[in-house]
Amino acid sequence: MPLPEGPWLNVGSGPTNAAGWTHLDGSWQTRLSGYRWLLPLGRMFLKKEIGHWPTAVKYCDVRRGLGFGPNTVAVVYSSHMLEHLHRADALRFLREVHRTLKPGGACRILVPDVEAIVRWYQDHQREVAANTASIPAPGDRSANGGKGSSSDLLMDMLLLRPRELPAGRGPATWLKRAATLHEHKWMYDAEGLRALFKEAGFANAEPRRFLDSALPAAQLQGVEAADRICDGAGVCVEARK
């Protein structure tokens, strides 16, 4: 079935600005980039570089919808964004995707693969405890470089919580403590992600490999990176409406 005409949305895009896509992101970087006069104050309070993302990336808090009408969108793509939502919010997001997609439109979602993470932990727990582990963890996401106890490493890989709350006082600290979208809220394996698609109204969700898609590879490779899905780094599910 050919894809319908309409916008191609890259949701949770980060600073990616590939041609042919409408890029949406809910980060403070995106929000502040639209208010250039606030950038000096933001840099002073947050103590980090902000406002350098492409202005083509539009701010969108997906918990409040996508901002498109019913049956108006051709493609929705998202890589390593869904796990930053509570499961109830993730379900609402996929229902919103289903609502906005045209018949025949495609939804393709990548998330970290909790099955690969847990399998690696089970296989290498003793090596980590003895500080002898030499096999990279899936996606190489450990925040402590593989040091510390095995349970600490597992928590770093899952990214469910930071090791500690941001220190200090004042607006910058309050903002950092309030901005929790960067933390993982719910993790998925292939079956769990397929189940979420089905619950949202998609009848044909199936696991996919890197660039294995109904979307043309020439356009998909502008937003899809191998290190987000290959070698246990992630799991992908795709469905058509």
Side-chain angles (χ1 to χ4, degrees), residues 1 3 7-14 21-27 60-68 70-121 138-139 141 154 157-161 180-215 220 223-225 228-230 232-241:
M1 182 188 301
L3 291 167
W8 287 41
L9 308 185
N10 179 17
V11 183
S13 64
W21 294 85
T22 297
H23 301 281
L24 306 174
D25 198 274
S27 73
C60 178
D61 185 342
V62 298
R63 296 170 297 185
R64 295 174 172 83
L66 289 173
F68 289 82
N71 303 311
T72 57
V73 173
V75 172
V76 175
Y77 176 86
S78 182
S79 176
H80 288 237
M81 184 280 293
L82 201 72
E83 71 276 9
H84 294 270
L85 303 176
H86 293 286
R87 192 186 186 280
D89 289 330
L91 177 59
R92 279 191 289 270
F93 166 69
L94 281 180
R95 284 174 173 165
E96 170 74 352
V97 171
H98 192 272
R99 181 189 72 86
T100 60
L101 281 177
K102 290 183 174 182
C107 176
R108 181 178 176 90
I109 303 290
L110 277 67
V111 294
D113 187 358
V114 71
E115 179 183 357
I117 293 172
V118 172
R119 185 185 297 119
W120 187 95
Y121 170 76
R141 289 184 294 270
L154 176 61
M157 292 164 66
L158 292 172
L159 291 177
L160 294 173
R161 291 290 185 272
T180 61
L181 276 177
H182 64 283
E183 298 172 6
H184 291 179
K185 309 296 189 306
W186 204 262
M187 305 291 283
Y188 304 88
D189 57 16
E191 286 306 307
L193 189 54
R194 287 183 68 197
L196 194 70
F197 267 82
K198 183 177 181 180
E199 196 173 344
F202 291 94
N204 57 357
E206 295 294 338
R208 297 280 191 153
R209 299 181 301 277
F210 176 56
L211 298 182
D212 169 30
S213 175
L215 313 182
L220 181 57
V223 295
E224 185 157 296
R228 305 293 265 176
I229 183 172
C230 298
V235 62
C236 174
V237 167
E238 183 175 304
R240 305 287 292 272
K241 180 176 177 180

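All values below were derived from every heavy atom in this structure, side-chain atoms included, with hydrogens, water molecules and symmetry-related copies excluded.
- Side-chain atoms of H184 never come within 3.5 Å of backbone atoms of H84 as a donor-acceptor pair (strictly under, hydrogens ignored).
- We find the CG-CD distance between L193 and E83 to be 10.0 Å, quoted to the nearest 0.5 Å.
- Side chain of D113 to main chain of G232: no donor-acceptor pair is present (N/O by atom type, distance under 3.5 Å, no hydrogens or angles).
- Interatomic distance, L211 CG to I229 CD1, rounded to the nearest 0.5 Å: 8.0 Å.
- With a 4.5 Å cut-off on side-chain heavy atoms, R92 and L85 do not count as touching.
- We find that E206 and R194 are joined by a salt bridge, their nearest charged nitrogen and carboxylate oxygen being less than 4.0 Å apart.
- Checked by atom type and distance alone, the side chain of E96 never pairs as donor or acceptor with a backbone atom of V62 at under 3.5 Å.
- Inter-residue side-chain proximity for F202 and V97 is flagged as met; some heavy-atom pair is nearer than 4.5 Å.
- For the residue pair C60 and L24, the shortest heavy atom distance occurs at CB-CB, 3.9 Å.
- The structure places CD of E238 at 8.5 Å from CZ of F197, a figure rounded to the nearest 0.5 Å.
- Using a 4.5 Å cut-off on side-chain heavy atoms (C-beta onward), M187 and L158 make contact.
- Looking at R119 and E115, a side-chain N of the basic residue comes within less than 4.0 Å of a carboxylate O on the acidic one, giving a salt bridge.
- E199 has a carboxylate O that lies under 4.0 Å from a charged side-chain N of R87, or vice versa, which qualifies the two as a salt bridge.
- Contact annotation: the side chain of V114 never approaches that of V235 to less than 4.5 Å [non-hydrogen atoms, C-beta and beyond].
- Side-chain atoms of K241 come within 3.5 Å of backbone N or O of L101 as a donor-acceptor pair.
- Using modelled atom types, one side-chain atom of D25 and one backbone atom of S13 make a donor-acceptor pair closer than 3.5 Å.
- Panel note: side chain R99, backbone F68; a donor-acceptor pair is recorded below 3.5 Å.
- What you find for L3 and A106 is that their closest heavy atoms are CD2-CB, 3.9 Å.
- Between Y188 and I109, every side-chain heavy-atom pair lies at or beyond the 4.5 Å cut-off.
- Minimum heavy-atom separation, A205 to A239: CA-CB, 3.7 Å.
- Between the OG1 atom in T22 and the CH2 atom in W8 there is a gap of 11.5 Å [rounded to 0.5 Å].
- With H23 contributing its side chain and G14 its backbone, the two residues share no donor-acceptor pair below 3.5 Å.
- Across all their heavy atoms, V73 and P7 have their closest contact at CG1-O, 3.4 Å.
- To the nearest 0.5 Å, atom CZ of residue R108 and atom OG of residue S78 are 12.0 Å apart.
- Atom CH2 of W186 has 12 or fewer heavy atoms from other residues, nucleotides or ligands within 6.0 Å.
- Taking the side chain as every heavy atom from C-beta outward, H80 and V111 never approach each other to under 4.5 Å.
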> Run the side chain to side chain contact (heavy atoms under 4.5 Å, CB included) check on L110 and L82 step by step: do they pass?
Replying inline: CA-CA 8 Å; L110 277 67; L82 201 72; over 6 Å; no
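- Side-chain contact between Y77 and L220 is present, with at least one heavy-atom pair separated by less than 4.5 Å.
- For H98 (side chain) and G201 (main-chain N/O), a donor-acceptor pair under 3.5 Å exists by modelled atom type.
- Between R240 and A214, the shortest heavy-atom distance links the atoms NH1-CB, 3.5 Å.
- With values rounded to the nearest 0.5 angstrom, L9 atom CG is found 6.5 Å from L66 atom CG.
- No side-chain donor-acceptor contact under 3.5 Å links R208 to the backbone of C236.
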> Could you walk me through whether L196 and L94 pass the side chain to side chain contact (heavy atoms under 4.5 Å, CB included) check?
Replying inline: CA-CA 8 Å; L196 194 70; L94 281 180; 3.7 Å; yes
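- Between R63 and D89 the shortest heavy-atom distance is CD-OD2, 3.8 Å.
- V223 places none of its side-chain heavy atoms less than 4.5 Å from the side chain of S79.
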